[in-house]
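Take a look at the structure below.
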Amino acid sequence: MKTARTLIIAALIAATLLIVFAAGYATRWLASSDHSSETQPGTANASQTPDLGVFWEAWNILQRDFYGDQPANQSRTYGAIKGLTAAYDDPYTVFVEPEPRQREREDLSGAFGGIGAWITVDEAGSMVLEPMPGRPAEKAGILKGDILQAVAGQPLDPALSVDEVVALIRGPIGEPIDLTVQRAGAAEPLTIAVVRERIETPSVEWRALEEAPQVGYIALRQFTERTAEELDRALDELSQQGIDYLIVDLRHNGGGLLQSSIDVASRFLSDGVVLYERRNSGEEQAYRVRATRRAPTWPMVILVDGGTASASEIVAGALQDRGRATLLGEKTFGKGSVQLVYDLSDGSSVHVTVARWITPNGHEINGIGLTPEQMVPHEDGRDAPLEQAIRTLTEHETSTN
C-alpha cells in the first residue's frame with residue numbers, strides 16, 4: 001500500500017511538473033510575441049526529455065525514510081523548481097511562488113486592491129495602523145494607533161513581517177476583509193469590516209525646488225504601467241510653474257518594466273535608439289524612441305547612485321549617451337540583463353535571463369554600471385548630490401547675469 005501510494009503521488013507530481021513546464025512554454029510564446037525574431041517552441045520529443053530517474057530515486061527515499069513530517073507535495077515541487085533555476089547560477093533566473101508573484105504584478109501595475117492604511121511596527125513588536133485620509137480603512141472606522149491583532153479571523157503570528165501582513169490584507173477590489181484591532185481605551189478588541197478599493201501607488205513625485213524655484217525636480221521611484229502617464233502630469237505642472245531647468249532623480253530606483261523605461265526616455269529624446277538588446281546568439285535588437293509627446297528641452301541633470309538599476313539604468317544610459325542629460329552622483333548598480341517573466345498555471349512564475357542591455361553607444365551595463373560625469377557621494381545630514389545638481393544647472397545663469 002505504501003509503495004502504491006508513493007507511486008500515485010509521484011505520478012501526480014510528474015503530471016504537475018509537465019503542466020507547469022508546458023504552461024511556461026505557452027506563456028513564453030505569448031509574452032514574447034512582440035519579438036519578431038522569436039519562433040514558437042515545438043513539442044519536445046523523447047530525445048529532449050531529461051532523464052528524471054535519479055530525481056525519483058531521491059524522492060522515493062525521502063518519502064520512505066525521512067523521520068518527521070513529510071512536506072506538502074506543492075512544497076516539494078516548488079523546491080525542485082527552485083533547485084532547477086539555481087543550477088543556472090544566475091541571480092535573476094528565479095522561481096517566484098504565487099503570492100509574491102501577485103504582489104509583483106500589483107507593484108508593476110501601480111495599483112492593487114487594499115484598505116488604504118500604513119502599517120508600522122512599534123517597540124513592542126505590534127502592527128500599528130494609520131489610515132490614509134478618505135480611504136476605505138478610515139471610512140470603515142479604523143483609527144490611527146489601532147493595533148492589528150487578526151486578519152479575517154486569523155490571529156497574527158508574531159513572526160510575520162509587515163510585507164507578509166500586507167499580503168494578508170490585500171485582495172480583490174470590492175470584497176470586504178475583517179480586521180480585528182485593539183484600540184486604546186477599549187476593553188475588548190474590535191472587529192471592523194473594510195471593503196477593499198483600488199489603491200494606486202504613485203511612482204513619480206515632483207515639485208519646483210524651494211531653494212531654487214527655477215529648477216524642477218522629478219523623482220522616479222519605479223517603472224510601472226502608470227509611470228509615463230504620471231510623468232506627463234509632472235511635466236505639465238512644472239511647465240505651468242515656469243521652470244528653466246530639470247533634475248530627474250533615479251536614486252534607489254531598482255527598475256521595473258522595460259516598456260515603461262522606453263516611454264520615459266522617449267519623452268526626452270526626439271529620435272534614435274534608446275537601447276540595444278543582445279541575445280546569447282549575438283543577435284541584437286534595437287529599441288527606438290517612440291512617437292509620443294516630448295518634454296520641453298530644459299537643461300537636465302539625472303541623479304544616480306548604487307541603487308539605480310535595470311530599467312532606470314536604461315533611461316540614464318540613453319540620455320547620457322545621447323548628450324541629453326548630465327549624470328551626477330555615484331556609480332550605478334550594473335544590472336543590465338533582460339528577464340522574461342513566464343506565468344505558470346498556478347499563479348507562480350519563472351523569471352529567465354534571456355539577453356543583455358546595451359546603451360546606444362554600445363556600453364555594457366551588466367556588472368559594470370554607468371559612471372556619472374560628476375561623482376558626488378552621499379553625505380549624512382545633507383543631500384550633496386542634489387545641491388551640486390542645482391549648482392551645475394544654474395551656475396551659467398549666475399555668471400551671465
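Remember, it's a predicted structure, so these values are computed and weren't measured experimentally. For the single chain, residues carry numbers from 1 onward in sequence order. The figures here come from the full heavy-atom set of this structure, side chains too, leaving out hydrogens, waters and symmetry mates.
Within the 4.5 Å cutoff, no side-chain heavy atoms of V273 are placed close to those of D321. Counting only heavy atoms from C-beta outward, the side chains of T353 and Y88 never approach each other to under 4.5 Å. Residues M375 and P377 form no side-chain contact, since every pair of their non-hydrogen atoms from C-beta on lies 4.5 Å or further apart. The side-chain heavy atoms of R251 and P385, taken from C-beta on, include a pair separated by under 4.5 Å. In this structure the side chain of Q259 never reaches within 4.5 angstrom of the side chain of S261, judged on heavy atoms. Residues L319 and V248 form no side-chain contact, since every pair of their non-hydrogen atoms from C-beta on lies 4.5 Å or further apart. When side chains are defined from C-beta on, D178 does not count as touching V151, because their heavy atoms never get closer than 4.5 Å.
Side-chain atoms of T308 never come within 3.5 Å of backbone atoms of T332 as a donor-acceptor pair (strictly under, hydrogens ignored).
Side-chain N/O atoms of Q63 and R76 include a donor and acceptor closer than 3.5 Å. Between the side chains of S203 and E230, at least one donor N or O sits under 3.5 Å from an acceptor N or O. Between the side chains of T392 and Q374, at least one donor N or O lies within less than 3.5 Å of an accepting N or O. For the residue pair N361/T359, the side-chain donor-acceptor check at 3.5 Å is not satisfied.
Heavy-atom minimum distance, I169 versus L179: CG1-CD2, 4.2 Å. F333 and G306 get closest at one heavy-atom pair: CB-O, 3.3 Å. For L250 against S312, the heavy-atom pair with the smallest separation is CD1-O, 3.5 Å. The shortest heavy-atom contact between T297 and R324 is CA-NH2, 3.5 Å. Nearest heavy atom pair, residue S260 against residue T224, reads OG-O, 3.0 Å.
A salt bridge links R105 with D343; the closest basic N to acidic carboxylate O contact falls under 4.0 Å. Using a cutoff of 4.0 Å between basic side-chain nitrogens and carboxylate oxygens, R356 and E364 are scored as salt-bridged. Note on E205 versus R207: no salt bridge recorded, every NZ/NE/NH1/NH2 to OD/OE distance being 4.0 Å or above. Under 4.0 Å is where a charged nitrogen must lie from a carboxylate oxygen, and between R226 and E229 no such pair does. Electrostatic pairing of D271 and R294 does not count as a salt bridge here, judged by no charged N lying under 4.0 Å from a carboxylate O.
E210 CD: 12 or fewer foreign heavy atoms inside a 6.0 Å radius. In this structure, K139 places its NZ atom where more than 12 heavy-atom neighbours from other residues, nucleotides or ligands lie under 6.0 Å away. Heavy atoms from other residues, nucleotides or ligands lying under 6.0 Å from CG of D89 number 12 at most. Residue N280 places its CG atom among 12 or fewer non-hydrogen atoms of other residues, nucleotides or ligands, all under 6.0 Å distant.
Note: W59 and F55 have tilted aromatic rings, judged against thresholds of 30 and 60 degrees for the angle between ring planes.
Taking E138 as the reference, nothing meets the salt bridge (Lys or Arg N to Asp or Glu O under 4.0 Å) condition, with sequence neighbours excluded. Shown here are the ring pair (Phe, Tyr, Trp, His ring centres under 6.0 Å) partners of Y78, two or more places apart in sequence or in another chain: F95.
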Start with the C-alpha gap between W298 and S239, add the side-chain angles, then the distance that decides, and say whether side chain to side chain contact (heavy atoms under 4.5 Å, CB included) holds.
CA-CA 10 Å; W298 299 307; S239 294; 3.4 Å; yes
Step by step, work out the side chain to side chain contact (heavy atoms under 4.5 Å, CB included) result for V354 and R279.
CA-CA 7 Å; V354 297; R279 295 289 177 123; 4.2 Å; yes
Under the criterion side chain to side chain contact (heavy atoms under 4.5 Å, CB included), I'd like the reasoning laid out for D263 against L231: C-alpha separation, chi angles, the key distance, then a yes or no.
CA-CA 10 Å; D263 287 339; L231 176 60; over 6 Å; no
Evaluate side chain to side chain contact (heavy atoms under 4.5 Å, CB included) for Q222 paired with T227, printing each intermediate quantity in order.
CA-CA 8 Å; Q222 190 179 18; T227 299; 5.8 Å; no
Check the pair S348, D346 against side-chain hydrogen bond (donor to acceptor under 3.5 Å, both in side chains), reporting the backbone distance first and the verdict last.
CA-CA 6 Å; S348 61; D346 67 345; 2.6 Å; yes
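Between L246 and the choices I302, L238, V301, the side-chain contact (heavy atoms from CB on, under 4.5 Å) rule is met once, by L238.
A distance of 13.5 Å separates CG in L269 from CZ in R290, rounded to the nearest 0.5 Å.
In this structure, R170 forms a cation-pi arrangement with F112, its terminal cationic atom sitting closer than 6.0 Å to the ring centre and no more than 45° off the ring axis.
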